[in-house]
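Comments concern the structure below.
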Amino acid sequence: MKIATFNINGIRARLPALTDWLAEAAPDLVVLQEIKTVDEGFPVEHFSDLGWNVVTHGQKSFNGVAILSRLPLEDVTRGLPGDETDEQARYIEATVVGQVAVRVAGLYLPNGNPAPGPKYDYKLAWMERLRQHALTLLATEMPVVLTGDFNVIPEPRDAAHPEQWVNDALFLPESRAALRRIEFQGWTDAIRIRDPYAKRGPFTFWDFQAGAWPRDNGIRIDHMLLSPQAADRLRDAGVDREVRGREKPSDHVPVWVELDA
DNA sequence: ATGGTAGCCGTGCTA
């Protein structure tokens with residue numbers, strides 16, 4: 001089973017680019033971030049006509065997550081537990097049953113800039129809620145894929161120019177420690193372990209500004225965390241870097257894993 | 001130090 005994550009930065013603006021990538025990459029399931037629309041604005045029919053099951057958790061203008069799946073999605077839950085007052089649409093979870101049942105969690109972690117400030121406080125509080133919920137996911141002892149735009153650069157080698165990020169919410173020590181705290185629960189970073197001694201990257205995001213893509217000034221912030229039961233089934237993982245160079249691209253590119261599941 | 005780009009029921013905000 002091929003499972004992917006793709007921050008598409010606006011579903012309507014990205015419809016051609018996403019449709020093309022789906023056809024050639026042929027994932028079984030993809031979690032989307034930054035759909036930037038309410039549920040009613042998501043072009044469900046476009047995708048159902050192409051054979052996708054669609055579940056969304058949208059919000060007007062900002063944020064919003066969704067899952068497209070070839071197989072039916074079961075037990076769909078929307079929103080990250082732990083704060084009933086949180087109105088930002090950043091989390092969705094569902095089960096897909098192939099050879100075995102796999103729980104897939106799609107997330108769009110808060111950016112947190114500027115830091116310090118209320119947005120950074122929200123990011124860290126959200127990460128603490130994620131840490132708590134990740135424990136309950138591990139306790140199911142299912143294969144779980146916890147994936148999406150984490151908005152955290154794990155290490156200096158995950159940025160082309162780490163010195164440019166030292167005061168940024170994506171790279172501050174507290175952000176990195178919070179991600180590490182979750183990973184150390186027992187999650188496997190599927191892209192990192194594919195090339196554990198990589199000197200740089202692979203990057204998953206290049207800013208639209210300042211010629212970041214032609215200069216390859218990228219960062220790795222889209223991650224695939226696997227529970228032990230999912231990691232045991234890991235066959236391959238990758239980043240579809242070339243998607244960034246196409247017409248009307250997102251600023252992120254797809255990241256994927258293939259599981260024996 | 002600045003400004004550069006992209007998307008959105010938008011002319012400012014978020015990233």
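Each chain gets a letter, A, B and so on, in the order the sequences are listed, and its residues count up from 1.
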Take the protein atom CZ of A:Phe205 and the nucleotide atom P of B:dA15, then report the distance between them rounded to whole Å. 11 Å
Using atom types as modelled and distance alone, determine if a side-chain donor or acceptor of A:Asp251 lies under 3.5 Å from a backbone N or O of A:Phe208. no
A:Asp189 with A:Arg220: basic N within carboxylate O range, under 4.0 Å: yes
Regarding A:Arg215, tell me which of base, sugar-phosphate or nothing describes its non-hydrogen contacts under 4.0 Å with the strands shown. nothing
Whole-Å P distance, B:dA6 and B:dA1: 26 Å
How many Å lie between CD on A:Gln33 and C1' on B:dA15, as a whole number? 14 Å
If you measure from the P atom in B:dC8 to the same atom in B:dG3, how many Å do you get, rounded? 26 Å
Quickly work out the A:Asp251 CG to B:dA6 P distance and round it to whole Å. 10 Å
Partners of A:Ala160 by side chain to side chain contact (heavy atoms under 4.5 Å, CB included), sequence neighbours excluded? A:Phe203, A:Asn217
In whole Å, I'd like the distance from the CG atom of A:Leu170 to the C1' atom of B:dT14. 13 Å
For B:dT5 versus B:dC9, give the span between their P atoms, rounded off to a whole number of Å. 22 Å
A:Glu128: side chain to side chain donor-acceptor pair (under 3.5 Å) partners, not counting sequence neighbours: A:Arg131, A:Gln132
Say you pick atom C1' in B:dG7 and the same atom in B:dT2; how far apart are they, in whole Å? 23 Å
Measure CH2/A:Trp206 against P/B:dA6 and give the value in whole Å, please. 16 Å
Touch check for A:Tyr108, heavy atoms < 4.0 angstrom, all strands: base, sugar-phosphate only, or nothing? sugar-phosphate
Interatomic distance, A:Asn167 CG vs B:dA1 P [rounded to whole Å]: 12 Å
Does the pair A:Arg70/A:Asp28 count as a salt bridge with the N-to-O cut at 4.0 Å? no
Whole-angstrom distance between B:dG10 and B:dT14, as gauged at atom C1': 11 Å
Which heavy atom in A:Arg157 sits nearest to a heavy atom in A:Lys199, and how many Å separate them? CB-O, 3.1 Å
Is A:Arg246 salt-bridged to A:Asp20, going by a charged N under 4.0 Å from an acidic O? no
Within this structure, what is the NZ-to-P distance between A:Lys123 and B:dT14, rounded to whole angstrom? 15 Å
Between the protein and nucleotides 7-10 of chain B, list every N/O to N/O distance that falls short of 3.5 Å.
unit_1 : atom_1 : unit_2   : atom_2 : d
B:dG7  : OP1    : A:Arg14  : NH1    : 3.1
B:dG7  : OP1    : A:Arg14  : NH2    : 3.4
B:dG7  : OP1    : A:Lys248 : NZ     : 3.3
B:dC9  : OP1    : A:Arg12  : NH2    : 3.2
B:dC9  : OP2    : A:Arg12  : NH2    : 3.0

Quickly work out the A:Asn111 CG to B:dC13 P distance and round it to whole Å. 16 Å
By nearest-nucleotide position on DNA chain B, the 5'-leaning member of A:Lys119 and A:Ala210 is A:Ala210
